[in-house]
Amino acid sequence: LQTLPPMELAEKYFNIFPEERDPLWQNPCHDKRHKDIWSKEKTCDRLPKFLVIGPQKTGTTALYTFLSLHPAITANYPSPVTFEEIQFFSGPSYHNGIDWYMDFFPFPSNVSTDFMFEKSANYFDIEVTPKRAAALLPRAKILALLINPVDRAYSCNNMAAHQDPAAINHTFHQVVTAPPSSPADLLTLQNRCLVPGHYATHLERWLRHYPPRQLYIVDGALLRANPALEMEGIQRFLGVTPVFNYTQALLLDENKGFWCQRVEGGRPKCLGKSKGRKYPLVAPETRAFLMEYYHEHNQELLRLLNRLGQALPTWLREELQSTS
Ligand code: A3P
């Protein structure tokens, strides 16, 4: 039997198996051979039971906050680097390995009844994410939060208007209608605001890695208008007990126009200023352009949800009625 020093051995190995240069982390406890060499001080219990995958600007922070109020649900510790989200499966942090990921979760007090989760809103539309997530968390449940993609695009552009010159120097209409010959920064913004709204395309990619029974579509319009009702549906899907009654825990803040957490003294504690902002309605011609742009994508979503036997979100029903 011949061997080499570690670096040379690794070099040789990856020359023979170049596709393995990019790691794909699996749960060490799902394979006896891995478990046997996994340090006795380590556990496989510090992993989430479900993921909120986004997409961005659909109300993911509200959902994260509401879920965290549940006595049996525990969110990840916030990351100081990436806007509180871990963004493990979608970005360079993946190469930090699973110990790094597990450090974002506490040791559960009871593995079977504690529900740990994390929310990273860019998981939804980043290509590599579902494959990586399914390798480490094959039994995780997946929550995707969908709102009308026109409103999502507008919210995305409004957020960018705080610091992105392409959004500052162009109207929303110019951003979404920019032709392919436009400057790169404008096209980057256009992509960022439009492409995550191709909902069916992204969901199909998740469904190549997760069985349909593990996927739940959260109706973002309902979560915004009647969060207690939508949170009940989510809890039933997750199988978390006890079923927490959110009508007591939430309160509609008339000034902000959003549901907020009810804190001591019956006062509302709302999300920060950057969530739930007030801005003018989308101009009618821009809405018409985007409704046309998303028409086929929404039709595809309709076919996908019918195939899965999942209820149609309220906004999708309304949108399809108005464009049919
Ligand atoms: P706007 O700030 O553009 O109105 P995310 O957290 O995924 O970035 O989504 C932010 C969006 O969540 C907000 O977009 C807002 O419309 C929506 N939202 C839904 N419910 C909310 C709530 N209870 N409080 C604040 N924002 C909420």
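Here, residue 1 is the first one in the sequence, and each next residue gets the next number. Reckoned from all heavy atoms, side chains included, excluding hydrogens, waters and symmetry mates. We count ligands from 1, going down the list as the structure has it; atoms in each ligand are counted the same way.
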Is it the case that the ring center of [Y] lies less than 6.0 angstrom away from the ring center of [X]?
X	Y	answer
Tyr216	Phe237	yes
Tyr199	Tyr294	no
Phe117	Phe115	no

Can you tell me which residue and heavy atom of the protein come closest to [atom], and the distance to 0.1 Å?
atom	result
atom 11 (C) of ligand 1	Gly59 N, 3.9 Å
atom 6 (O) of ligand 1	Thr61 OG1, 2.5 Å
atom 7 (O) of ligand 1	Thr60 OG1, 2.6 Å
atom 13 (C) of ligand 1	Gly276 N, 3.6 Å

Side-chain ion pair, Arg287 and Asp151, N-O less than 4.0 Å: yes
Taking the basic N atoms (NZ, or NE/NH1/NH2) and the acidic carboxylate oxygens, is any pair closer than 4.0 Å for Glu230 and Arg236? no
Discussion item. Evaluate Arg46 against Asp103 for salt bridge (Lys or Arg N to Asp or Glu O under 4.0 Å), listing each step before the verdict.
Written reply: CA-CA 8 Å; Arg46 293 173 74 193; Asp103 278 345; 3.5 Å; yes
Any heavy atom of Ser274 under 4.0 Å from ligand 1? The part involved is backbone
Quick look: Leu271 vs ligand 1, heavy-atom contacts under 4.0 Å, and the answer is side chain
Q.
Does atom CD1 (Ile16) have a neighbourhood of more than 12 heavy atoms from anything else shown, all under 6.0 Å?
A. yes
Next item on the list: Give a yes-or-no answer on whether the side chains of His170 and Asn157 include a donor-acceptor pair shorter than 3.5 Å.
Entry: no
Give a yes-or-no answer on whether the side chains of Glu118 and Tyr101 include a donor-acceptor pair shorter than 3.5 Å. yes
Atom indices of ligand 1 within 4.0 angstrom of [X] heavy atoms, with elements:
X	result
Ser155	1 (P), 3 (O), 14 (O)
Ala62	20 (N), 21 (C), 22 (C), 23 (N)
Arg224	16 (O)

Of Trp259, Tyr154, Phe258, the one whose closest heavy atom lies nearest atom 21 (C) of ligand 1 is Phe258
To atom 10 (C) of ligand 1, the nearest of Lys57, Lys278, Lys273 on a heavy-atom basis is Lys57
* To do: Check whether any N or O atom of Lys275, backbone or side chain, sits under 3.5 Å from an N or O atom of ligand 1, and answer yes or no.
  => yes
Quiz item: Do any nitrogen or oxygen atoms of Lys119 lie less than 3.5 angstrom from nitrogen or oxygen atoms of ligand 1?
Solution: no
When you measure from the heavy atoms of Tyr279 to every atom of ligand 1, does any distance fall below 4.0 Å?
yes
Review point. Looking at ligand 1, does Thr58 have a heavy atom less than 4.0 Å from it?
Key: yes
- Query: Where do Arg132 and Glu127 land on the salt bridge (Lys or Arg N to Asp or Glu O under 4.0 Å) test, with the steps shown first?
  - Reply: CA-CA 10 Å; Arg132 287 176 172 177; Glu127 188 96 23; over 6 Å; no
